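Reading through the structure tokens given below for one structure.
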There are 2 protein chains.
Amino acid sequence: MDIERRSGCPINLTMEVLGDRWSLIVIRDIMFGNRRHFRELLNRSEEGIASNILAARLKRLVSLGLITRLDDPTHSQKAIYSLTEPAIQLVPMIATIGAWGRRHLPVSEDLSIRAELLEKGGPVLWEDFMNDLRNMHIADPIGGANGSVTSPVLTDLTNAFLDVRAKMKRRE
Amino acid sequence: MDIERRSGCPINLTMEVLGDRWSLIVIRDIMFGNRRHFRELLNRSEEGIASNILAARLKRLVSLGLITRLDDPTHSQKAIYSLTEPAIQLVPMIATIGAWGRRHLPVSEDLSIRAELLEKGGPVLWEDFMNDLRNMHIADPIGGANGSVTSPVLTDLTNAFLDVRAKMKRRE
DNA sequence: CCACCTAATTGCAATTTGCAACTAGTTGCG
DNA sequence: CGCAACTAGTTGCAAATTGCAATTAGGTGG
């Protein structure tokens, strides 16, 4: 698969790659939710992606070099989706997007705590996170998928999210 | 107009607002090209936007509060489109998007020089640019549109772009 | 007064999206 | 073995969106 290349502008080309309603959502779930299998991405999606759309986006992202597809040794039909280096380098962009959305759009408290921490952590935290992601997606994608390789940064973000969600539940 | 609100995640909401092929392109042209009228946006577009798409996007961006539409006093049919504060705060996001695109996609030399300077300038330059944009779009949108209020940062970016483009022409 | 400029709108074909059902095969458990 | 549940998708179809070309309705300037 190839992009259209309406112009050589970096903004335009990035929008041609990621400028649809689902591509960045899929990358976000792989990156922050560590969803590494089709079913995880499908069933645990906040936004309720349809299976055909998910399949099409995964295929497209693989062909664009943003994710890789690897056979899961524990199940001959299972595939492990992992981020590539270009996708990992989206961390600063995703952090900036999250910071803008949190400030200007009607976000919910639980789903925006990670964006808040990511913004507060700044480039130093982003670099740590990117190094964690390299370990879980490039150095050892199988270990990253089955939980034997973890990310300290992601653990902190996830715990903060679960804390806020629990707090919200108690308030109900 | 309202967004769909599939979920309260900041990434998702931002993609619901800007996650299509044209919205950010239009904002980019207003912001970096200072295209403030319909015809300028239509005819001087690198990517060749169609008039119906441009009209629909302008209407949508106005209703989402990212741009304003003001009657041009020099021509009763002309409208001046200006950025609002939320759109001006997209500068860091656009800079980060441009930096990623420049690094990972087949950009052209002329159209990526601004992204390079914006990345090199960092948050300090972004703040200067945002203050310039406030002068040209919020404090005095008419002056900003007719050229009597200008932006030093934008002048530098534009000159660098024209230099590179001239250099490329000479090499042909 | 007429050509050109202004911001769109309209008609229509092609593409994309979204939903629901379905496929084809694998695995775990009794 | 036998069967339910799980795996990654595919298929069919209606609805919405996009993109192109032509057109509209009025305004301006010589």
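In the text below, chain A, chain B and the rest are named by the order of the sequence lines, each starting its count at 1. Note that the structure is a prediction, hence the values are computed from the model and not measured.
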Problem set entry | B:R28/B:E47 salt bridge by N-O under 4.0 Å criterion | yes

Exercise. Is there a chain of hydrophobic side chains (I, L, V, M, F, W, Y, each step under 4.5 Å between heavy atoms) that links A:I11 to B:L125?
Worked result: yes

Expected list for residues 154-162 of chain A: side-chain donor-acceptor pairs under 3.5 angstrom, two or more places apart:
{"from": "A:T155", "atom 1": "OG1", "to": "A:S151", "atom 2": "O", "distance (Å)": "2.8"}
{"from": "A:T158", "atom 1": "OG1", "to": "A:L154", "atom 2": "O", "distance (Å)": "2.7"}
{"from": "A:N159", "atom 1": "ND2", "to": "A:T155", "atom 2": "O", "distance (Å)": "3.3"}

Exercise. Hey, does A:R6 reach any base, or is it just sugar-phosphate, or nothing, if we go heavy atoms under 4.0 Å?
Worked result: nothing

For this session: Send over the distance from B:E47 CD to D:dT18 P, rounded to a whole Å.
Result: 16 Å

Problem set entry | Donor-acceptor under 3.5 Å (A:R35 side chain, A:R44 main chain) | yes

Exercise. Does C:dT17 have OP1 or OP2 sitting under 4.0 Å from an N or O in the side chain of A:R57?
Worked result: yes

For this session: Measure from CD1 on B:I67 to C1' on C:dA7 and round the result to the nearest Å.
Result: 14 Å

For this session: Please report, rounded to the nearest Å, how far the C1' atom of D:dT18 is from the CG atom of B:L54.
Result: 14 Å

Exercise. Can you name the residues that form a side-chain contact (heavy atoms from CB on, under 4.5 Å) with B:E109, not counting sequence neighbours?
Worked result: B:V164, B:M168, B:R171

Seminar exercise, completed: In numerical order, the residues of residues 12-43 of chain B whose heavy atoms come under 4.0 Å of DNA chain C are B:H37, B:F38, B:R39

For this session: Go through the structure and list residues passing side-chain contact (heavy atoms from CB on, under 4.5 Å) with B:A99, not counting sequence neighbours.
Result: B:E119

Throw together a table of side-chain donor-acceptor distances under 3.5 angstrom for residues 83-92 of chain B, partners on residues two or more places apart or in other chains.
{"from": "B:T84", "atom 1": "OG1", "to": "B:G65", "atom 2": "O", "distance (Å)": "2.7"}
{"from": "B:T84", "atom 1": "OG1", "to": "B:L66", "atom 2": "O", "distance (Å)": "3.0"}
{"from": "B:E85", "atom 1": "OE1", "to": "B:R134", "atom 2": "NE", "distance (Å)": "2.8"}
{"from": "B:E85", "atom 1": "OE2", "to": "B:Q89", "atom 2": "NE2", "distance (Å)": "2.8"}
{"from": "B:E85", "atom 1": "OE2", "to": "B:R134", "atom 2": "NE", "distance (Å)": "3.4"}
{"from": "B:E85", "atom 1": "OE2", "to": "B:R134", "atom 2": "NH2", "distance (Å)": "2.9"}
{"from": "B:Q89", "atom 1": "OE1", "to": "A:H104", "atom 2": "NE2", "distance (Å)": "2.7"}

For this session: Take the protein atom CG of B:D72 and the nucleotide atom P of D:dT28, then report the distance between them rounded to whole Å.
Result: 11 Å

For this session: Output yes when a side-chain donor or acceptor of A:S63 lies under 3.5 Å from a complementary backbone atom of A:R60, and no otherwise.
Result: yes

Exercise. Looking at B:R69, does any N or O in its side chain come under 4.0 Å of the phosphate oxygens OP1/OP2 on C:dA8?
Worked result: yes

Problem set entry | B/S/- contact track for nucleotides 19-30 of chain C, protein heavy atom under 4.0 Å | B-B--BBSS---

